[in-house]
Every structure is written in C-alpha cells, then in structure tokens.
Amino acid sequence: MAKILQSLQGTVVAAIFVTALMVFLVGSVDQYALYDDSWFKFLFRWLHVLSGVMWIGLLWYFNFVQIPTMPSIPDDQKPAIGKHIAPVALFWFRWGAMATLATGLILASLNGYLLDAISLGFFGGLEEGDAGHTAIGVGMWFGIIMWFNVWFIIWPNQKKALGMVKVSATEKAAAARTAMLFSRTNTLLSIPMLYAMVSAQGLYGIS
C-alpha cells in the first residue's frame, strides 16, 4: 500500500479502481441499470464536481495560502515557488477550470436546461422564468466569467510574472498585480457561484 501511495499516478489509479469497485458493488445491491441515460447524467455531474474541486481548491490555495504568505517568505526562497510550485499549480488550475466548464455545459445539455439556464430562466418568455433555472444560470455565468479570467487574463499575466514570457521589470510587476486582482475577483465570484449551483438543486430541484 505504501508503494502505491508514494506515487501520485499510483494513488490516482488506485482511487479510480476503488471508485469503479464501489459503483459495481452498490449497483449490484440496488439493482439499478448501469450505463443508462440517468447514469450518464450522474457521471457528468460527478465529473463536474470533481473538476470543480480541483479548480476552486487551487483558486483558494492561491488566495488563502500562497499570495498572503509570499511577503513573509525570504527573498532567496521565493524563486523556488515561482519556478517549481506555481507553474504546476497553474497547470492544474487552468485545466481544472476548462474541465469544470466543459462538464457543466454537457451536464446542462443532457438534462435539457442549457438554454433555460443560459437565459437565466427566461428562454421561453419572461412569464415563464423559473427560479431554479435562474439560480443555475447565475452560477453558470459566474463560472463562465471565472473561466474566461483564468484562461485569458490570469494565465497570460502569470506567464509574464513568473518569467515564462520575458518582459521588463515594470511589465512583470504590473502583470503580477493584474493576475492577483483577477484571481481575487474569481475568489469573490466563487462563493455566490457555489451558492447558486447548490441552491438550484437543493432548493429548486434542478437535477
């Protein structure tokens, strides 16, 4: 067991195996039909949540841990974070964002409420607005804005701030500030976004 846990790849493979085993065992007891329409809808919901945990977890790591701690780190140790930790974290951060957006849109499409959600519940006309579709729609739009910020503002500026793209010292400082401010914007949006997503199902029954 220790040998498996010493490798991240081995740990992930083991986690997938345990998950598959659990699906089989629970399915056998409950006698539900695996691989039917409802199961695939649930599969994408699980993938959406899994991706979201990666994305928002790293977003909060940056904003609650790394950024506030950086000023207290000795200058001779800061390059280790910028050259080794931050690039890897940003890789999983931006692809977590992409996976969350993609699986969320697929899930909404499979459940038949994509247009209702995108239009905030008013696709069929203002009088047909639905609180659940409005809630999930608000969450989706916040998520889309956050995804856009990650890929088109935070990541390009982080490449400059981390020295992946050569710029002047002034441009580097400006890029770091821009990346930080938009990361904070995403942190701000993440809390109401999560409320909107959870309330759509918990309060209004959107599956």
Side-chain angles (χ1 to χ4, degrees), residues 1-20 43-106 139-140 142-194 197:
M1 186 65 178
K3 185 177 181 180
I4 293 175
L5 297 177
Q6 287 174 358
S7 163
L8 175 60
Q9 183 178 4
T11 301
V12 173
V13 170
I16 294 172
F17 173 78
V18 171
T19 303
L43 174 64
F44 276 97
R45 181 178 300 282
W46 176 68
L47 292 173
H48 182 56
V49 171
L50 198 65
S51 303
V53 169
M54 173 68 78
W55 179 18
I56 303 303
L58 284 169
L59 172 67
W60 288 356
Y61 158 75
F62 286 129
N63 284 275
F64 286 94
V65 179
Q66 182 171 304
I67 294 174
T69 306
M70 284 296 288
S72 65
I73 298 176
D75 290 340
D76 63 322
Q77 296 178 20
K78 288 179 180 178
I81 295 173
K83 292 181 179 180
H84 300 285
I85 296 175
V88 176
L90 285 165
F91 172 85
W92 292 106
F93 175 64
R94 66 182 187 274
W95 285 107
M98 183 67 77
T100 304
L101 179 70
T103 54
L105 292 175
I106 291 171
M140 287 175 66
F142 281 174
I144 290 169
I145 292 169
M146 292 166 63
W147 166 84
F148 181 90
N149 288 344
V150 168
W151 276 90
F152 298 103
I153 301 177
I154 296 173
W155 174 234
N157 280 283
Q158 281 286 15
K159 286 192 288 186
K160 296 177 182 178
L162 295 173
M164 298 177 182
V165 175
K166 298 299 181 182
V167 294
S168 68
T170 301
E171 291 176 302
K172 187 174 182 178
R177 177 172 171 77
T178 298
M180 184 275 290
L181 289 175
F182 276 88
S183 183
R184 286 284 164 81
T185 299
N186 277 11
T187 300
L188 184 156
L189 292 176
S190 69
I191 294 173
M193 181 270 291
L194 288 170
M197 292 292 187

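Keep in mind that what you see is a predicted model, and the values were worked out from it rather than measured.
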> side-chain contact (heavy atoms from CB on, under 4.5 Å) between Thr185 and Ile153: does it pass, once the steps are laid out?
Replying inline: CA-CA 11 Å; Thr185 299; Ile153 301 177; over 6 Å; no
> Is atom CH2 of Trp95 surrounded by more than 12 heavy atoms (other residues, nucleotides or ligands) closer than 6.0 Å?
Replying inline: no
> To the nearest 0.5 Å, how far apart are CD in Gln9 and OG1 in Thr11?
Replying inline: 10.0 Å
> So which heavy atom on Lys160 is nearest to which on Ala175, and how close?
Replying inline: CB-CB, 3.7 Å
> Of the non-hydrogen atoms in Val167 and Glu171, which two are nearest, and what is the gap between them?
Replying inline: CB-OE1, 3.5 Å
>> To check you understand the geometry: which heavy-atom pair defines the closest contact between Ala89 and Leu58, and what is its length?
In response: O-CD1, 3.6 Å
>> Does any part of the side chain of Val150, heavy atoms only, come nearer than 4.5 Å to the side chain of Phe93, both counted from C-beta?
In response: yes
> So, the side chain of Gln77 versus the backbone of Pro74: is there a donor-acceptor pair under 3.5 Å, distance only?
Replying inline: no
> Would a 4.5 Å heavy-atom cut-off, applied to side chains only, mark Ile144 and Phe148 as touching?
Replying inline: no
>> Is the shortest side-chain heavy-atom distance between Leu47 and Ile106 below 4.5 Å?
In response: no
> Does Asp75 have any salt bridge (Lys or Arg N to Asp or Glu O under 4.0 Å) partners at least two apart in sequence or in another chain, and if so, which?
Replying inline: Lys78
> Trp155 versus Met164: any side-chain heavy-atom pair under 4.5 Å?
Replying inline: yes
>> Can you tell me how far apart CG (Leu105) and CH2 (Trp147) are? Round to the nearest 0.5 Å.
In response: 9.5 Å
>> What I want to check is whether the side chains of Trp46 and Thr19 have a donor and an acceptor closer together than 3.5 Å.
In response: no
>> Check whether Thr103 reaches the backbone of Thr100 with its side chain - one donor and one acceptor, N or O, closer than 3.5 Å.
In response: yes
> Tell me, do Ile56 and Met146 make a side-chain contact under 4.5 Å, heavy atoms counted?
Replying inline: yes
>> Return the CH2 to CE distance between Trp92 and Met54, rounded to the nearest 0.5 Å.
In response: 5.5 Å
Let me check something: any side-chain donor-acceptor pairs from residues 62-73 under 3.5 Å, sequence neighbours excluded? List them with distances.
{"residue": "Asn63", "atom": "OD1", "partner": "Arg184", "partner atom": "NE", "Å": "2.9"}
{"residue": "Asn63", "atom": "ND2", "partner": "Leu59", "partner atom": "O", "Å": "2.9"}
{"residue": "Asn63", "atom": "ND2", "partner": "Ser183", "partner atom": "OG", "Å": "2.8"}
{"residue": "Asn63", "atom": "ND2", "partner": "Thr187", "partner atom": "OG1", "Å": "2.9"}
{"residue": "Gln66", "atom": "OE1", "partner": "Tyr61", "partner atom": "OH", "Å": "3.0"}
{"residue": "Thr69", "atom": "OG1", "partner": "Val65", "partner atom": "O", "Å": "2.5"}
{"residue": "Ser72", "atom": "OG", "partner": "Thr69", "partner atom": "O", "Å": "2.7"}

>> Within this structure, what is the CG-OG1 distance for the pair Asn149 and Thr178, rounded to the nearest 0.5 Å?
In response: 11.5 Å
> If you measure from CZ on Arg177 to CE on Met180, what distance do you get to the nearest 0.5 Å?
Replying inline: 5.5 Å
>> Using 0.5 Å steps for rounding, measure from the CG atom of Leu101 to the NE2 atom of His48.
In response: 8.5 Å
> Does a side-chain heavy-atom distance below 4.5 Å link Asn186 with Ile154?
Replying inline: yes
